[in-house]
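A note on names: the letters A, B, ... follow the listed sequences, proteins ahead of strands, and every chain is numbered from 1. Just the heavy atoms: all of them, side chains too, but no hydrogens, waters or symmetry mates, feed the values below.
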Amino acid sequence: MAHTPLSEGFFERVARSDGGQTDEQPVLQVIGTRPLNNGERYRLLVSDGLYCNPWVMLATQLNELVINKAIHRFCVIKVRKHICNVMNASKNSDSSSRKILILLEVDVLHEGESIGQIGNPTQLNQDGSVSAPASSETTATTPAPKPTTNGVSGVKRPLSSPNVAEQPKPKTKSHVAASNDLSKETIAPISFLSPYQNNWVLRARVTQKSDIRTYSNSRGEGKLFSMTIADESGEIRVTFFNEGVDKNFDNLEVGRVYYIKGGRLKAANKQYSSVKHEYEITGGNETQIIPCDEDTKDIPRTSFNFVRIKQIADTNADAIIDVIGVVKSVGDATTFTAKSSQREFTKRELVLVDESRAEINLTLWGDTAVKFEHADNPVIAIKGVKVSGFGGKSLSTTQSSSIFTNPVDVPEAHKLRGWFDNGGRTEVVEALTTQGGSSGGHVSGDLGSVALAKLPIPGTDARYDAVLACPVSFREANAVYKSCSNKDCKRKVQDANDGTYLCPKCNIPNNTEFTYRYMLNANVRDATDGVWVTFFDEQAKQILGADAQVVGQAFSDEEESTAHRIFQEALFQPHLFKLRGKMETYNDDNRLKTTCVTVQKLSTDEQINFLEKEIARLCNKLNVTPDS
DNA sequence: CCCCCCCC
């Protein structure tokens, strides 16, 4: 079948050019495709008729072409736009630099089936170089390449075209290097790593390094640290244990480039890491790490996968993500004792904001919390921070989080700096974390209005809603009850009508004492609706401004008017109520029961602030910008 | 081989 002629010799011209850039728009044939990182991007085996080049990647925006099979085996393409990434294995050895072509714009000229393979192309050298003019097919006289078990680069793993991939490759350069000179070995791109390859050597920058952590479990105890390394192709997490910690921790520096050879690959558990790679490396005795002090400009300095703050609203709790934001406010470091474990903790709360018009609370822990003293609104980038469901959504550092303050190599940091200093500072944005959170449990659903707080809850979980509302009516008569006088017992006592009160729980005989406590039903209303809410002692006392003893005594003394005045004065006072909604079955009826968890009296400024944030939230939801 | 990461 007739087809457009291939641009014969194109790969040879690329190989022989400086930097690999040509002005050509070559016509090429795709011999095979292979997904990398679970289809995150595609690597192609491509022929120009004379040479077959495995170092071709499809730009991710063109993934669709492979997925919908527009690009498949033996199809002929015209490359409208491409770039060439040169990865230097060694500065002093041009022949060992590898040129990776990334196809940016592609037209598919012919489907593949009816064409078949065009010509009999020769595989390029493993480092992407050309040994001899393709016209002189003298491959038999050139030294054989290292056996494919070498696996240095991933080339040996057949793409979808074994007949081509397994052809003997012409080779002029030996890749057997002295073990202490990794720089002479062929370098594998990180994104190509898989457990099916051995003997790889990476040239990668350490972009993040954790502290050393010890652990103790049923299998014993030990210590470990992990780091993220990156090259132009991607990033991967590397973990060292025990002796590996002693051997490597002090020698590894964040920001520096190393040759790394040897280590076991295993599936990465995404649950614990934000690093984008299907696998991770476990270092062992065989692992060699040697600093690369040559020109390393080609290796990226950072490897973040930032999630915009607004996007965290839709991110599951417990996810580990990378975040960048301006520190809008910094709390003090505080130390407290956890009730459950009696252990002492130090934490510090920050508020992070970004251009997505959203802000979120971030809790730092331990040493990180103590040392974080930046009052001047720095930009911080965090690699590996945990999303928490507390108070809506919040963030919490873990021992493997790394914080980069005002990072110079992160373009987003400069953009954020500019945004914050030119108006962002005073912009009203949506708060993903309700101030102070709710008292435990998980928060879901919308925050902000009584109408939303009244919606039934599917399932059995509780829902927490923060509303700015006023009490408009009280059930005064049943506002207080006589409770057990025992400290911390809130049970209602039975009045024996002989001056003694029996608590069914504490069972103190002939107890003449009791304590008045509130269990107050109030109708709480905002512009959207009203809802009946139960207030227990502490919260009721806050809105009424009087102890239950005062109200109880007034009722008991038949001075209802005294009690009534207390209720009257509490009407229509705006508060920020945290409401807890839970479905309850009552007479076969499934209805929402609402109790008040916290009460906060708001100043006028605070009320305005709350309403502005609520407007910002709604605008974010509708994707509109509020008129100022 | 970790992966607990804390509290309201």
Side-chain angles (χ1 to χ4, degrees), chain A residues 208-228 236-249 263-275 277 279-287 316-321 331-351 361-370 382-403 433-443 462 464 466 538-539 576 578 580 597-600:
Chain A
Q208 183 262 155
K209 188 174 98 166
S210 79
D211 293 332
I212 297 170
R213 189 169 86 238
T214 57
Y215 65 89
S216 167
N217 59 26
S218 57
R219 297 185 200 186
E221 50 191 55
K223 60 183 171 181
L224 70 130
F225 78 95
S226 63
M227 63 178 179
T228 310
I236 195 165
R237 188 174 184 225
V238 188
T239 305
F240 292 93
F241 293 91
N242 304 318
E243 315 87 75
V245 176
D246 300 331
K247 191 175 144 197
N248 295 298
F249 184 82
R264 277 174 303 119
L265 278 124
K266 60 163 199 171
N269 197 157
K270 310 267 189 199
Q271 190 188 338
Y272 302 116
S273 161
S274 63
V275 176
H277 201 293
Y279 302 101
E280 53 187 48
I281 298 173
T282 305
N285 282 133
E286 75 280 20
T287 306
N316 289 339
D318 294 333
I320 303 284
I321 59 171
D332 294 328
T334 57
T335 298
F336 63 91
T337 303
K339 277 175 194 159
S340 53
S341 60
Q342 291 301 114
R343 287 213 293 149
E344 199 171 77
F345 295 106
T346 302
K347 68 165 183 176
R348 189 195 291 269
E349 297 275 350
L350 317 182
V351 176
N361 286 22
L362 163 67
T363 309
L364 308 182
W365 294 95
D367 224 27
T368 312
V370 175
I382 316 175
K383 182 100 187 143
V385 67
K386 191 169 189 158
V387 176
S388 151
F390 182 72
K393 283 284 164 57
S394 49
L395 296 172
S396 185
T397 57
T398 76
Q399 278 197 44
S400 25
S401 304
S402 291
I403 299 181
T433 316
T434 320
Q435 217 52 40
S438 64
S439 60
H442 98 117
V443 176
Y464 293 83
E538 189 188 333
Q539 289 74 32
L576 181 63
K578 303 271 170 57
R580 176 185 190 272
V597 183
T598 62
V599 174
Q600 208 183 325

Sub-4.0 Å heavy-atom contacts from residues 393-402 of chain A onto DNA chain B, ordered by number: A:Ser396, A:Thr398, A:Gln399
Check: B:dC1 base within 3.5 Å donor-acceptor of A:Tyr215 side chain: yes
A:Asp367 meets the side chain to side chain donor-acceptor pair (under 3.5 Å) criterion, sequence neighbours left out, with A:Lys371
If you count every heavy atom of other residues, nucleotides or ligands that lies below 6.0 Å from A:Asn217 atom CG, does the total exceed 12? yes
Of the nucleotides B:dC2, B:dC6, B:dC8, which has the atom closest to the A:Leu224 side chain? B:dC2
Distance check needed: B:dC2 P versus A:Lys386 NZ, whole Å only. 16 Å
Kindly point out which of B:dC8, B:dC2, B:dC6 is positioned nearest to the side chain of A:Thr239? B:dC2
Residue set satisfying ring-ring contact (aromatic ring centres under 6.0 Å, His included) with A:Phe249, at least two apart, ordered chain then number -> A:Phe225
Polar pair under 3.5 Å, donor/acceptor by atom type, side chain A:Arg219, base B:dC2: no
A:Phe336 CZ to B:dC5 C1': how many Å, rounded? 12 Å
Categorize A:Lys266 for me: base, sugar-phosphate, or nothing, with a 4.0 angstrom heavy-atom threshold over every strand shown. base
Between A:Phe225 (CZ) and B:dC5 (P), how many Å, whole number? 23 Å
Between A:Ser394 and A:Ser388: side-chain donor-acceptor atoms closer than 3.5 Å: yes
With respect to the phosphate group of B:dC6, does any side-chain polar atom (N or O) of A:Lys347 fall under 4.0 Å of OP1 or OP2? no
Could you check how far CH2 of A:Trp365 sits from P of B:dC5, rounded to whole Å? 11 Å
Interatomic distance where CZ belongs to A:Phe240 and P belongs to B:dC1 [whole Å]: 15 Å
Has A:Asn217 got a side-chain N or O lying under 4.0 Å from the OP1 or OP2 atom of B:dC2? yes
Counting side-chain heavy atoms from C-beta on, which of B:dC1, B:dC2, B:dC3 comes nearest to A:Tyr272? B:dC3
Are any side-chain N or O atoms of A:Thr228 and backbone N or O atoms of A:Arg237, one a donor and one an acceptor, separated by less than 3.5 Å? no
Aro-ring/base stack A:Phe241-B:dC1, d under 5.5 Å, angle under 30°: yes
Whole angstrom value for the distance that separates C1' of B:dC2 from CD of A:Gln271: 12 Å
Does any part of the side chain of A:Ile321, heavy atoms only, come nearer than 4.5 Å to the side chain of A:Val385, both counted from C-beta? yes
note: A:Asp211, atom CG; B:dC2, atom C1'; distance rounded to Å ~ 14 Å
What contact category does A:Glu280 fall into here, base, sugar-phosphate, or nothing, at under 4.0 angstrom with non-hydrogen atoms? base
Going by 5.5 Å between centroids and 30° between planes, is there a stack of A:Phe345 over B:dC7? no
Could you walk me through whether A:Thr346 and A:Thr335 pass side-chain hydrogen bond (donor to acceptor under 3.5 Å, both in side chains), step by step? CA-CA 4 Å; A:Thr346 302; A:Thr335 298; 3.1 Å; yes
Nearest-angstrom distance from the residue atom CD1 of A:Ile321 to P of B:dC3: 21 Å
Is the Lys NZ or Arg CZ of A:Lys247 less than 6.0 Å from the centre of A:Phe240's six-membered ring, within 45° of the axis? no
